[in-house]
*Asks:* 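Below you will find the structure I want to go over with you.
All residue numbers in this chain count up from 1 along the given sequence.
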Amino acid sequence: MPFVAPAIALLGSGIAVIAYRLLYDALHDELTGLPNRPLFVNYLQWAMNHARQSKNRLIRPEQSAIAVLFLGLDSFETINDSLGHRLADELLVAIAQRLEACLRPADQLARVGGDEFAILLRQVTDIDEVARLADRLQSQIKLPFNFGEQQVFTTASIGVVLDQPNTHSQPEDILRDAHTAMSQAKASGKARYQVFRSGMRDQVITRLQLETDLRRAIAHNDSSTNEQQEFQLYYQPIISLETGRIAGFEALIRWQHPQRGFVHPVEFIPVAEETDLIIPIGQWVLDEACSQVGQWQVQFPQDPPLLISVNLSGKQFTQLDLVEQIEQTLQTSGLDGQSLKLEITESMAMTNVEETIALLSRLKALNLQISIDDFGTGYSSLSYLHRFPADTLKVDRSFVSRMGDESEDAHIVQTIIMLGHNLKMNIVAEGVETAEQLAHLRSLNCEYGQGYFFARPQASDAIEQLLQSDPQW
Ligand code: C2E
Ligand code: MG
Ligand code: MG
């Protein structure tokens with residue numbers, strides 16, 4: 001039977017191929033083809049062993065460090081919700097390709113979670129080299145991704161761990177610390193990198209505590225016995241620069257934490273966004289602000305009536321029933337849509353332009369107003385701006401505050417005002433703090449101003465007194 005041996009061999013090699021295939025699949029991500037987390041941990045273990053040995057042998061010990069970069073996308077959930085899974089998957093593949101293109105052949109890239117990638121660098125001699133790579137990765141991800149007609153923008157936060165031999169005993173510990181640093185980068189504003197420091201884990205625990213406390217605060221707000229309420233709305237006047245009188249207010253949330261005291265919105269809004277708690281919080285802000293300004297309109301009638309601006313977070317923006325919810329709020333409060341202005345930030349508006357335009361148009365059908373907040377700080381595509389059905393541009397405080405006579409920022413403010421006017425929008429200058437700034441803004445025909453020069457955000461009873469006194473600037 002001369003054919004039996006080759007047949008067995010063939011069968012054997014067939015089984016080997018199948019076994020290899022199974023093993024390969026188990027260690028790679030199906031979508032991007034990259035190594036998955038278990039395989040990355042394996043590479044990391046190998047690299048750690050190798051680094052220890054080369055250190056022991058004292059062959060160029062300065063080259064024995066390894067670095068891990070943990071990269072998380074900042075807005076993937078929003079993209080997934082608004083663009084759908086198929087396009088989101090295409091985006092992940094495109095991102096993997098862009099990352100790969102930034103690396104050297106010896107560097108190891110892996111997909112370690114839904115929207116998370118890890119990179120292993122070996123023989124790292126200095127942290128600047130890693131920082132430069134982190135910058136390069138970020139600038140690559142920031143560039144638009146084109147899928148047919150659709151243009152998608154995203155950013156990434158990166159956590160970095162530099163591991164000298166023996167600082168970590170297990171590869172999982174390095175990954176955990178890199179993830180912690182990435183969470184910290186997200187918490188401190190996203191689209192940045194953060195090098196891991198010991199003590200950071202405590203910060204992450206503090207953040208978890210903040211989340212628990214937020215849940216409790218929401219429950220207390222709902223149970224609505226006043227002394228338990230931890231959230232409060234403050235109102236900051238927005239002044240018509242033409243008349244010098246109060247035209248309306250921006251509603252700004254305040255959190256009085258029972259143990260920690262006042263917690264700044266910049267600290268808790270991002271946590272609320274990441275945990276979806278912004279949905280009930282945002283709903284409360286909207287209801288409260290509309291009903292309050294409705295009362296003031298009756299108490300202090302003027303023409304046009306007092307206006308209320310409410311900030312919308314990116315998460316609220318992807319909420320499926322947002323339009324219905326706002327319609328309901330308007331009905332319950334009896335407020336005319338024209339008296340409500342929704343503020344969305346420039347970066348929110350530019351994340352997913354086509355969807356934004358569609359949603360803004362549906363909101364505009366409620367007859368309300370739209371404002372683009374913090375303008376000048378994000379990445380705006382001018383070709384899109386004219387398609388946003390927005391009524392107002394809010395010039396970011398950072399430009400107004402540096403608006404000396406001949407400074408570059410004065411020109412930026414002037415340019416934004418001209419741009420807004422050309423797009424048939426009115427302008428609110430944020431952060432007006434001095435009489436000089438006010439005079440300058442008036443000379444540039446800026447319609448509205450908001451800032452400490454006029455009034456700080458205040459609780460409703462203080463605002464009522466202010467309205468009684470009918471101030472004019
Ligand atoms: P924002 O929407 O740009 O609000 C303006 C911020 O500038 C407010 O800070 C306000 O107090 C501050 N500000 C106003 N005038 C001046 C000034 O002359 N000088 C200085 N230095 N600051 C001034 P605040 O209240 O701390 O809020 C910070 C951010 O938190 C807001 O920025 C907004 O993005 C967010 N936020 C506040 N309340 C809410 C809310 O109810 N919902 C959502 N989604 N976000 C909110
Ligand atoms: Mg705002
Ligand atoms: Mg603003």
*Asks:* For the CD atom of Q328 and the CG atom of D321, what is their distance to the nearest 0.5 Å?
*Replies:* 10.5 Å
*Asks:* Let me have the donor-acceptor pairs involving side chains of residues 190-197, under 3.5 Å, with sequence neighbours excluded, atom names and distances please.
*Replies:*
unit_1 : atom_1 : unit_2 : atom_2 : d
R192   : NE     : S188   : O      : 3.2
R192   : NE     : K190   : O      : 3.0
R192   : NH1    : S188   : O      : 2.8
R192   : NH2    : S188   : O      : 3.3

*Asks:* Is there a side chain to side chain contact (heavy atoms under 4.5 Å, CB included) between L360 and F317? Walk through the geometry before answering.
*Replies:* CA-CA 10 Å; L360 291 185; F317 215 54; 3.8 Å; yes
*Asks:* What is the distance from atom CG of L335 to atom CD of Q295, rounded to the nearest 0.5 Å?
*Replies:* 11.0 Å
*Asks:* With sequence neighbours excluded, what pairs up with R207 under the salt bridge (charged side-chain N to carboxylate O under 4.0 Å, His left out) test?
*Replies:* E274
*Asks:* Over all heavy atoms of both residues, which pair between F453 and L438 is shortest? Give the atoms and the distance, please.
*Replies:* CE2-CD2, 3.6 Å
*Asks:* Quick one: salt bridge (charged side-chain N to carboxylate O under 4.0 Å, His left out) pairs with a partner in residues 129-141, sequence neighbours left out?
*Replies:* R104-E129
*Asks:* Between F70 and H179, what is the ring plane arrangement, given parallel below 30°, perpendicular above 60°, and tilted in between?
*Replies:* perpendicular
*Asks:* Are any side-chain N or O atoms of Q297 and backbone N or O atoms of L306, one a donor and one an acceptor, separated by less than 3.5 Å?
*Replies:* yes
*Asks:* According to the salt bridge (charged side-chain N to carboxylate O under 4.0 Å, His left out) rule, which pairs have a member within residues 87-100, sequence neighbours left out?
*Replies:* R86-E90
*Asks:* With sequence neighbours left out, what residues match L252 under side chain to side chain contact (heavy atoms under 4.5 Å, CB included)?
*Replies:* Q236, E250, R254, N311, P457
*Asks:* Can you list the residues that meet the salt bridge (charged side-chain N to carboxylate O under 4.0 Å, His left out) rule with D163, with sequence neighbours excluded?
*Replies:* none
*Asks:* Among all residues two or more places apart in sequence or in another chain, which pass the side chain to side chain contact (heavy atoms under 4.5 Å, CB included) test with E242?
*Replies:* S240
*Asks:* Is there a side-chain contact between W296 and S460, using heavy atoms and a 4.5 Å cut-off?
*Replies:* yes
*Asks:* Walk me through whether S291 and S333 qualify under side-chain hydrogen bond (donor to acceptor under 3.5 Å, both in side chains).
*Replies:* CA-CA 5 Å; S291 103; S333 64; over 6 Å; no
*Asks:* Applying salt bridge (charged side-chain N to carboxylate O under 4.0 Å, His left out), run through D374 and K394 and close with a yes or a no.
*Replies:* CA-CA 6 Å; D374 305 341; K394 289 188 90 168; over 6 Å; no
*Asks:* Suppose the criterion is salt bridge (charged side-chain N to carboxylate O under 4.0 Å, His left out): which pairs have a residue in residues 289-315, not counting sequence neighbours?
*Replies:* E77-K315, D276-K315
*Asks:* Just jot down the salt bridge (charged side-chain N to carboxylate O under 4.0 Å, His left out) partners of D115, sequence neighbours excluded, or say none.
*Replies:* none
*Asks:* Quick one: CD on E343 to CG on L312, what's the gap to the nearest 0.5 Å?
*Replies:* 9.0 Å
*Asks:* Would you confirm whether Q138, through its side chain, and L133, through its main-chain N or O, come within 3.5 Å as a donor-acceptor pair?
*Replies:* no
*Asks:* Pair F249, L467 - check side chain to side chain contact (heavy atoms under 4.5 Å, CB included), show working.
*Replies:* CA-CA 11 Å; F249 304 93; L467 283 168; 3.9 Å; yes
*Asks:* Quick check: do M200 and S183 have side-chain heavy atoms less than 4.5 Å from each other?
*Replies:* no
*Asks:* Mind checking side chain to side chain contact (heavy atoms under 4.5 Å, CB included) for R397 and listing every partner two or more places apart, or none if nothing turns up?
*Replies:* E430
*Asks:* Are the side chain of D29 and the backbone of T32 linked by a donor-acceptor contact shorter than 3.5 Å?
*Replies:* yes
*Asks:* Sub-3.5 Å donor-acceptor pair from the side chain of E433 to the main-chain atoms of Y452, do we have one?
*Replies:* no
*Asks:* Scan residues 360-373 for pairs that pass salt bridge (charged side-chain N to carboxylate O under 4.0 Å, His left out), counting only residues two or more places apart or in two chains.
*Replies:* E324-R362, K364-D391
*Asks:* Are more than 12 heavy atoms from other residues, nucleotides or ligands located less than 6.0 Å from atom CG of L208?
*Replies:* yes
*Asks:* Evaluate salt bridge (charged side-chain N to carboxylate O under 4.0 Å, His left out) for R260 paired with E267, printing each intermediate quantity in order.
*Replies:* CA-CA 13 Å; R260 294 179 56 192; E267 188 181 346; 2.7 Å; yes
*Asks:* Under the side-chain hydrogen bond (donor to acceptor under 3.5 Å, both in side chains) criterion, do D461 and Q465 qualify, and how do the steps go?
*Replies:* CA-CA 7 Å; D461 40 0; Q465 284 177 16; over 6 Å; no
*Asks:* Any non-hydrogen side-chain atom of D336 less than 4.5 Å from a side-chain atom of S339?
*Replies:* yes
*Asks:* Quick one: does any side-chain atom of E346 pair with a main-chain N or O of T377 as donor and acceptor, under 3.5 Å?
*Replies:* yes
*Asks:* Kindly determine whether Y235 and I463 satisfy side chain to side chain contact (heavy atoms under 4.5 Å, CB included), including the steps that lead there.
*Replies:* CA-CA 7 Å; Y235 299 89; I463 291 291; 3.9 Å; yes
*Asks:* Less than 6.0 angstrom from the centroid, inside 45 degrees of the normal: does R387 satisfy that with respect to the ring of Y384?
*Replies:* no
*Asks:* Quick one: does M350's side chain get under 4.5 Å of T356's, heavy atoms only?
*Replies:* no
*Asks:* State the CD1-CG distance between I370 and L393, to the nearest 0.5 angstrom.
*Replies:* 12.5 Å
*Asks:* For R456, is there any backbone N or O sitting under 3.5 Å from a side-chain donor or acceptor partner on Q458?
*Replies:* yes
*Asks:* Quick one: closest heavy-atom pair of K341 and S371, and the distance?
*Replies:* CD-CB, 3.7 Å
*Asks:* When rounded to the nearest 0.5 angstrom, what distance separates CD in Q302 from OG1 in T243?
*Replies:* 8.0 Å
*Asks:* Any chance you could lay out the side-chain hydrogen bond (donor to acceptor under 3.5 Å, both in side chains) test for H421 and N445, step after step, and finish with the verdict?
*Replies:* CA-CA 10 Å; H421 286 164; N445 293 325; over 6 Å; no
*Asks:* Using the six-membered ring wherever Trp is involved, compare the ring planes of F147 and F145 and label them parallel, tilted or perpendicular (cut-offs 30° and 60°).
*Replies:* parallel
*Asks:* Just do the side chain to side chain contact (heavy atoms under 4.5 Å, CB included) check on R215 and L277 with the steps written out, would you?
*Replies:* CA-CA 7 Å; R215 290 184 195 279; L277 294 172; 3.5 Å; yes
*Asks:* Which donor-acceptor pairs under 3.5 Å do the side chains of residues 279-290 make with protein atoms, sequence neighbours left out?
*Replies:*
unit_1 : atom_1 : unit_2 : atom_2 : d
Q283   : OE1    : Q325   : NE2    : 3.3
Q283   : NE2    : D287   : OD1    : 3.0
Q283   : NE2    : D287   : OD2    : 3.3
Q283   : NE2    : T329   : OG1    : 3.4
D287   : OD1    : T329   : OG1    : 3.0

*Asks:* Are the side chain of Q369 and the backbone N or O of Q338 linked by a donor-acceptor pair below 3.5 Å?
*Replies:* yes
*Asks:* Would you mind reporting whether T154 and I79 have side-chain heavy atoms less than 4.5 Å apart?
*Replies:* yes
*Asks:* In Å and rounded to the nearest 0.5 Å, what is the OG1 to CD distance from T78 to E355?
*Replies:* 11.0 Å
